[in-house]
Amino acid sequence: MPKNSKVAKRELDEDVTESVKDLLSNEDMNDNQFKKSALYVDDSQTDKDVDIEEGSDTEDERPAWNNKLQYILAQVGFSVGLGNVWRFPYLCQKNGGGAYLVPYLILLLIIGIPLFFLELAVGQRIRRGSIGVWNYISPRLGGIGFSSCIVCFFVALYYNVIIGWSLFYFSKSFQHPLPWDQCPLEKNGTQTFVVPECEKSSATTYFWYREALDISDSISESGGLNWKMTVCLFIAWFMVCLAMIKGIQSSGKVMYFSSLFPYVVLICFLVRGLLLKGSWDGIRYMFTPKLEIMLDPQVWRGAATQVFFALGLGFGGVIAFSSYNKRNNNCHFDAVLVSLINFFTSILATLVVFAVLGFKANIINEKCIARNADRILDMLKAEVISHDLIPHHVNLSEVSATDYHLMYNIIKEVKEEEFLKLGLDSCQLEDELNQAAQGTGLAFIAFTEAMTHFPASPFWSVMFFLMLVNLGLGSMFGTIEGILTPLVDTFKVRKEILTVGCCLLAFSIGLLFVQRSGNYFVTMFDDYSATLPLLIVVILENIAVAWVYGTDKFMEDLKDMLGFTPSRYYYYTWKYLSPLILIALFVASIVQLGLSPPGYYAWISEMGGEKFLTFPVWGLTLCICLIIAAVLPVPVVFVTRYFNLIDDGSNSLASVSYKKGRILKENSNLEEDDASLLHSKTPSAMPSPVVGNSIYRKQNGSPTPEADTAPNGRYGIGYLMADMPESDL
């Protein structure tokens, strides 16, 4: 305790237990008396909030970012993930090329930046995880935080499997030629032949489905564990656990590499890609706008969904990271900066993807032209077609794309009735570029195939999959933080124990995804465990702040916190535009879900291709259970608190015990509404502490509907402390 602090103590000879109501009422109803109490130390020189217990040698602290750069990199690492590399380019290609950027930017301004700003602001001010934040805003909507944690857990289960896949390909990239460069050969006695499954598909496709996944023919055929992927999954969870075990003190340092390295790789790939033949064809195709597609409502729905998930809204990771900021940090600047970095990263990744795919398309097109030129030469020798149909300047031994298309059109026009029997292909570059690929199909099949044609292909393969690992880890850190921070802020558990337990549990459940049928479960969880629940969470977040808490109050809080009043644009966006657009997106998602048959694409080894299959009855039941499990906490907490089934009084589970503590007995009106997050510079509104210099007051429990005061103090100390809070319920 600082020597110059003025503290009035009242000591007891025995332990004293104070309820949450007593703590909150004593804190907020009489500020002057509170400043003289033993729970608060006011140091005029350092503006610290201190919690002192007699006999304690140290002051508990809530961790804080070492610097602003570390925090920005953490938010960028969380928001910029695998979707920027393999989802955004696909949507851009599918939905009108450059024209797709228009609805995306509009929706980024209307729902992306405002809602991202909202989450940053509430996390930074209340300084707790998602559970504590939404208990503070509206106790009856406290289930929002629990739903966020459940969705984060579901997503983490399968997202880390993708990191495991990337680790497997990374480990296989240190050889030349790359193992997916050629189809493997089989021997049958004295004969050697290409594996039929690979011959019917391609080398990269065969390696992905057979060598990597060793996939079964349907979700009902488990096939046992794939030991190679099991090891990779364990390594992935071990890396996450190691980085997260000390909280932001450890993960913050990892962010310097995991957030910046992908940009180095993307820039290297862009420079290398632009030097490849045909790369500009891909970029030109990518950004040629198809304006008529902009009128399609599905384009806007796709853009809204991408904006929504690209920024990580609703996961709780944004709130968790911002809760370790100073309260006077300019979170508005952070929201705009991170959102724009995310957008331009998507553009950069799109340039890289289509530069490489343009190169790949040219190679495939050249092979198509050479194959069909040989076919024409055979038909000339067999006198199926006349030599007069071939222009004199054309050399059939080396046919250019222009000369081939000229011959193709002449033959098609002259041999109109017999043309289909000739079996000639058009070999159009646009047809190859139209082969839309996303997700694993882009990363593990299309892109890997293109890299086999690169000079020094193993080097580029190592760089690419190391980039995917880092992109995945950056997002995983935010996702796991969205689970751990609320639980650490809410329950008395050690951070290290919780982290290890969470990772071990997730790895155990994750074994479901490394069976031979595991890829089908990844598809199921990706489609059903996050989309609808997250939409519900963000809609309720928006309503809780704008309509339950009040937009006017929230704007006043922002002014007090930031030192300036944000634009009125945010006022109208939060109150009207964002809720309406989110509800429309929710309805459109339900309609899309209803119109799309619940199923998956299974790899059929005999066909050497994919076939759409519907989920069995138990699969449909699991899909429904995933959605219900994610949203169930919202109505449960609402009903529980609406009917007062949980007592917030002295018998509550959420109570704080002190050894030789101090008890405050002051009159307070528990029914008075606090009306804002900031209470005219009360002690709780002090600036955020600097690491090692300060601590927040000991507060706990969730506010009751009658006393809308919030625990915005030291609970959430998190990571290194054993003294953790109890349940907000």
Using ring centroids (six-membered ring only for Trp), state whether Trp65 and Phe321 fall under 6.0 Å. yes

Identify the two heavy atoms, one from Trp603 and one from Ser201, that lie closest to each other, and give their separation to 0.1 Å. CH2-CB, 3.8 Å

Between the OH atom in Tyr159 and the CG atom in Asp526, the distance rounded to the nearest 0.5 Å is 10.0 Å

Can you establish whether the number of heavy atoms outside Lys277 located under 6.0 Å from its atom NZ is more than 12? no

Apply ring-ring contact (aromatic ring centres under 6.0 Å, His included) to Tyr104 and Phe343, showing your working. CA-CA 9 Å; Tyr104 185 87; Phe343 173 69; 5.7 Å; yes

Pick from Leu311, Ile110, Leu582: which one makes a side chain to side chain contact (heavy atoms under 4.5 Å, CB included) with Leu115? Leu582

For Cys149 versus Ser130, what's the shortest heavy-atom pair and its separation? SG-OG, 4.2 Å

Would you say the side-chain atoms of Ser259 pair up with the backbone N or O of Leu73, donor to acceptor, closer than 3.5 Å? yes

Is there a donor-acceptor contact under 3.5 Å linking the side chains of Glu610 and Tyr209? yes

Has Ser279 got a side-chain atom pairing as donor or acceptor with Gly273's backbone, closer than 3.5 angstrom? yes

Show your reasoning for whether side-chain contact (heavy atoms from CB on, under 4.5 Å) applies to Leu157 and Val161. CA-CA 7 Å; Leu157 287 177; Val161 174; over 6 Å; no

Tyr169 ring center near Phe464 ring center (under 6.0 Å): no

Tell me, do Pro262 and Met467 make a side-chain contact under 4.5 Å, heavy atoms counted? yes

Student check: side-chain heavy atoms of Leu141 and Trp134 closer than 4.5 Å: no

Under a 3.5 Å distance rule, please check whether Asn342 uses its side chain to pair with a backbone N or O of Ser79 as donor and acceptor. yes

Just by distance, do the side chain of Trp547 and the backbone of Lys575 share a donor-acceptor pair under 3.5 Å? yes

From Gln306 CD over to Leu108 CG, what is the distance, rounded to the nearest 0.5 angstrom? 11.0 Å

Which one of Thr350, Leu351, Val352 satisfies the side chain to side chain contact (heavy atoms under 4.5 Å, CB included) criterion with Ile283? Leu351

Are any non-hydrogen side-chain atoms of Leu473 and Val240 less than 4.5 angstrom apart? yes

Is there a donor-acceptor pair under 3.5 Å between the side chain of Thr448 and the backbone N or O of Phe444? yes

All heavy atoms of Phe554 vs all of Ala121, minimum pair found to be CZ-CB, 3.8 Å

Counting C-beta onward and ignoring hydrogens, is there a side-chain heavy-atom pair between Phe309 and Leu534 closer than 4.5 Å? yes

Is any side-chain heavy atom of Met239 closer than 4.5 Å to a side-chain heavy atom of Val469? yes

Does a side-chain heavy-atom distance below 4.5 Å link Ser147 with Pro533? no

Crowded around Tyr601 OH? As in, over 12 foreign heavy atoms under 6.0 Å? no

Can you check whether Phe269 reaches Val353 side chain to side chain, under 4.5 Å on heavy atoms? no

Kindly determine whether Thr614 and Phe612 satisfy side-chain contact (heavy atoms from CB on, under 4.5 Å), including the steps that lead there. CA-CA 7 Å; Thr614 57; Phe612 184 82; 4.3 Å; yes

Could you tell me whether Phe333 atom CZ has more than 12 heavy atoms of other residues or ligands within 6.0 Å of it? no

For the pair Ser589 and Phe308, evaluate side-chain contact (heavy atoms from CB on, under 4.5 Å) and give the outcome as yes or no after the intermediate values. CA-CA 13 Å; Ser589 297; Phe308 182 83; over 6 Å; no

Please give me the minimum heavy-atom distance between Ala304 and Ile111, naming the atom from each residue. O-CD1, 4.2 Å

Hey, is the main chain of Phe359 close enough, under 3.5 Å, to the side chain of Asp281 for a donor-acceptor pair? no

Is the side chain of Asp527 donor-acceptor paired with the backbone N or O of Met524 at a distance under 3.5 Å, no angle test? no

Quick one: do Tyr263 and Thr345 satisfy side-chain hydrogen bond (donor to acceptor under 3.5 Å, both in side chains)? Show the steps, please. CA-CA 8 Å; Tyr263 289 95; Thr345 303; 2.7 Å; yes

Distance-minimising heavy-atom pair for Ala303 and Leu107: CB-CD1, 3.8 Å

Begin with the C-alpha distance, continue with both residues' side-chain angles, and end with the deciding distance and a verdict on side-chain contact (heavy atoms from CB on, under 4.5 Å) for Asp334 and Lys68. CA-CA 10 Å; Asp334 299 341; Lys68 184 65 172 283; 2.9 Å; yes

Flag for Thr523-Tyr158: side-chain donor and acceptor within less than 3.5 Å: no

Donor-acceptor check, side chain of Asn329 to backbone of Gln124, threshold 3.5 angstrom: yes or no? no

Just how far is it from atom CG of Leu540 to atom CD1 of Ile144, taken to the nearest 0.5 Å? 4.5 Å

Which heavy atom of Ala588 sits nearest to which heavy atom of Arg301, and what is that distance? CB-CD, 3.6 Å

Ile319 backbone acceptor or donor facing Ser322 side chain under 3.5 Å: yes

Would Tyr324 and Tyr71 count as a ring-ring contact (aromatic ring centres under 6.0 Å, His included) if you check the C-alpha gap in whole Å, the side-chain angles of each, and the deciding distance to 0.1 Å? CA-CA 9 Å; Tyr324 300 110; Tyr71 165 67; 9.7 Å; no

Spacing of CH2 belonging to Trp460 relative to CZ belonging to Phe465, to within rounding of 0.5 Å: 14.5 Å

Tell me if the aromatic rings of Phe447 and Trp86 count as close, with their centers under 6.0 Å from one another. no

Donor-acceptor under 3.5 Å (Thr531 side chain, Tyr528 main chain): no

Using 0.5 Å steps for rounding, measure from the CG atom of Leu101 to the CD1 atom of Ile106. 11.0 Å

What distance separates Cys331 SG from Met561 CE, expressed to the nearest 0.5 Å? 4.0 Å

Find out whether Leu82 and Ser475 are in side-chain contact, i.e. whether some heavy atom of one side chain is under 4.5 Å from a heavy atom of the other. no

